[in-house]
Amino acid sequence: MDKKATGISAKQRRLAATATVLALDSGAAAAADASSVQIFGIIDAGVLTQSKSAAGGRLTRLETSGLRQSVWGLKGTEDLGGGLKAFFNLESHFDTDTGGLHGTGDNGTPAVGTVLFRRQANVGLSGDWGTLILGRQYGPALLAHIGTEPRAFKEQFSNLYAWAYNQLEPIAGAGSVNSNNDVGIFFKNSIHYRNTFGPVTAGVLYSLGEQAGSTSNNSILALGLSYSGPVTLSFSHEFMKDQITGEKVVKHTGVGAAVPFGDFTFKANFLRGENNNADGTTSSKVNGLGVGVDWKWHPMNNATVAYYDNKDKENKSNHTKNLVISNDYFISKRTTIYAQAAFVDADAGATGAAALKTSIVADGSFKPDAKTTFINVGINHNF
């Protein structure tokens with residue numbers, strides 16, 4: 001072809017060739033950039049009725065988060081090559097019945113009820129060596145027991161709230177203060193390492209105290225271990241130090257086991273929550289025992305029967321005995337219809353803030369020195 005007829009000089013052809021190479025290189029880089037961002041969430045709501053309230057009368061309400069908490073969030077990963085990945089998690093907790101942000105267990109700033117990403121706001125790296133997470137996040141202690149807690153720490157009628165409220169005092173400033181602890185479930189200013197060694201998964205978390213002149217005051221150490229083999233075993237321990245004195249104002253320990261047998265899984269979980277004042281004197285010491293059985297009686301149905309006995313050894317009249325019967329009907333992979341009933345027998349000392357420490361009910365709204373029946377039917381959808 002005649003070069004003059006084409007109207008393209010040799011220099012222009014070289015520039016075009018260079019541009020083509022750059023474009024191909026750019027396309028290859030885009031293909032190699034194996035990154036993704038997802039939006040995810042759970043929306044859960046149902047009707048909850050109880051035979052007696054703390055005020056004495058029957059109470060019926062539209063309740064949020066009967067099975068699992070209502071959340072929405074963003075998460076993303078990037079493949080860095082060589083088995084190394086970067087990731088982030090942002091997870092917000094809201095109430096389906098009102099649409100408002102769920103209150104937090106933070107002491108100090110940010111103010112309660114203003115934390116957009118109350119559950120998670122973290123970034124990290126993972127590889128063959130394990131996972132490192134920096135920021136606000138779930139603690140390894142609670143995560144260790146999900147397979148052994150009789151109701152897998154469901155949002156209503158499990159020992160999730162006995163766990164949480166027994167780590168509440170330094171949040172409320174009742175004799176001590178730790179500003180990194182959000183009810184022993186979420187931790188601020190934290191560094192968390194996790195890894196799996198054969199059947200054993202281990203996690204250790206440290207929340208920096210961030211107090212001038214001290215590397216210990218206001219800090220938190222949390223450990224969780226789980227074994228998944230023919231049986232499931234779990235162990236956890238965590239403690240929180242006072243912001244001023246450095247005393248261990250919360251000490252929390254748990255052990256658990258789950259044993260499968262055909263369509264049944266038998267579970268037992270024990271927790272000990274000890275709250276101390278800033279001077280080290282004990283204010284409460286709660287033993288929480290949960291036992292139960294899951295029955296996969298149909299591919300779309302799972303029934304659970306669980307019994308909880310929670311007692312404050314420092315205030316022996318703060319004692320609840322609880323029976324829970326429930327069934328989850330899995331309409332699809334994303335949607336579950338649940339029905340659950342709880343029978344709470346509370347002693348006279350299970351009242352006010354003290355009642356929360358022995359409670360399986362989210363707001364501790366049972367009547368003290370009485371027997372209260374709760375019935376909750378709802379829908380849980382994941383996206």
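- Judged by distance alone, the side chains of T304 and D294 do bring a donor and an acceptor atom under 3.5 Å apart.
- No donor-acceptor contact under 3.5 angstrom links the side chains of Q156 and Y161, judged on distance only.
- Taking every heavy atom of both residues into account, T196 and T201 meet most closely at OG1-OG1, 3.1 Å.
- Using a 3.5 Å distance cut-off with no hydrogens or angles, the side chains of K188 and S179 do not pair a donor with an acceptor.
- Taking the charged nitrogens against the carboxylate oxygens, R68 and E155 have no contact shorter than 4.0 Å, which rules out a salt bridge.
- Side-chain contact of H319 with T358: a donor-acceptor pair under 3.5 Å is absent, judged by distance alone.
- Counting only distance, with no hydrogens or angles, the side chain of D95 and the backbone of T98 share no donor-acceptor pair below 3.5 Å.
- Between the side chains of T282 and E314, not a single donor N or O lies within less than 3.5 Å of an accepting N or O.
- Side chain of K311 to backbone of T320: no donor-acceptor contact under 3.5 angstrom is found.
- A donor atom on one side chain and an acceptor atom on the other are not found under 3.5 Å apart for S176 and N178.
- Membership of the apolar cluster around L48 extends to F157, Y308, V324, V344, I360, V361, F366, F374, as traced through chained side-chain contacts below 4.5 Å between ILVMFWY residues.
- Contact detail for G288 and N310: the closest heavy-atom pair is CA-OD1, 3.1 Å.
- Aromatic pair Y338/Y329: ring centres not closer than 6.0 Å.
- The side-chain tip of K248 points at the ring of F239 from less than 6.0 angstrom away and within 45° of straight on.
- A pairwise comparison of heavy atoms in I42 and F94 identifies O-CZ, 4.0 Å as the closest pair.
- A side-chain donor-acceptor contact under 3.5 Å links S53 to the backbone of G57.
- Evaluated for a side-chain hydrogen bond (donor to acceptor under 3.5 Å, both in side chains) with D182, the options R118, R119, Q167 yield exactly one hit, R118.
- Inspection of the Q340 and N376 side chains reveals an N or O donor paired with an N or O acceptor under 3.5 Å.
- Geometrically, K321 does not engage Y307 in a cation-pi contact, judged by NZ or CZ lying under 6.0 Å from the ring centre and within 45° of the ring axis.
- Side-chain contact annotation: S219 with S207, donor-acceptor N/O pair under 3.5 Å absent.
- Residue K313 places its NZ atom among 12 or fewer non-hydrogen atoms of other residues, nucleotides or ligands, all under 6.0 Å distant.
- Counting non-hydrogen atoms of other residues, nucleotides and ligands closer than 6.0 Å to CZ of F383 gives a total above 12.
- Checked by atom type and distance alone, the side chain of N218 pairs as donor or acceptor with a backbone atom of G209 at under 3.5 Å.
- Tracing side-chain contacts under 4.5 Å through hydrophobic residues (I, L, V, M, F, W, Y), one reaches I146 starting from W163; they form part of the same cluster.
- A donor-acceptor pair shorter than 3.5 Å can be found between the side chains of Q50 and R61.
- A donor and an acceptor atom, one from each side chain of T60 and T49, are located under 3.5 Å apart.
- N301 and N327 share a donor-acceptor pair across their side chains, judged by distance under 3.5 Å alone.
- A salt bridge does not link R151 to D328: none of the charged side-chain nitrogens sits closer than 4.0 Å to a carboxylate oxygen.
- A donor atom on one side chain and an acceptor atom on the other are not found under 3.5 Å apart for S51 and T372.
- Side chain of S92 to main chain of L116: a donor-acceptor pair is present (N/O by atom type, distance under 3.5 Å, no hydrogens or angles).
- For the pair D242 (side chain) and N277 (backbone), a donor-acceptor distance under 3.5 Å is absent.
- Put simply, the side chain of E149 gets close to the backbone of N159: a donor and an acceptor are under 3.5 Å apart.
- Taking the six-membered ring wherever Trp is involved, the centroid distance between the rings of W72 and H93 does not fall below 6.0 Å.
- Side chains of N287 and R272: a donor on one and an acceptor on the other come within 3.5 Å.
- There is no side-chain donor-acceptor pair under 3.5 Å between S283 and N275.
- Between the side chains of S70 and T96, at least one donor N or O lies within less than 3.5 Å of an accepting N or O.
- Distance alone, capped at 3.5 Å, places no donor-acceptor pair between the D347 side chain and the G349 backbone.
- For the residue pair N89 / E91, no side-chain donor-acceptor distance below 3.5 Å is found, with atom types taken as modelled.
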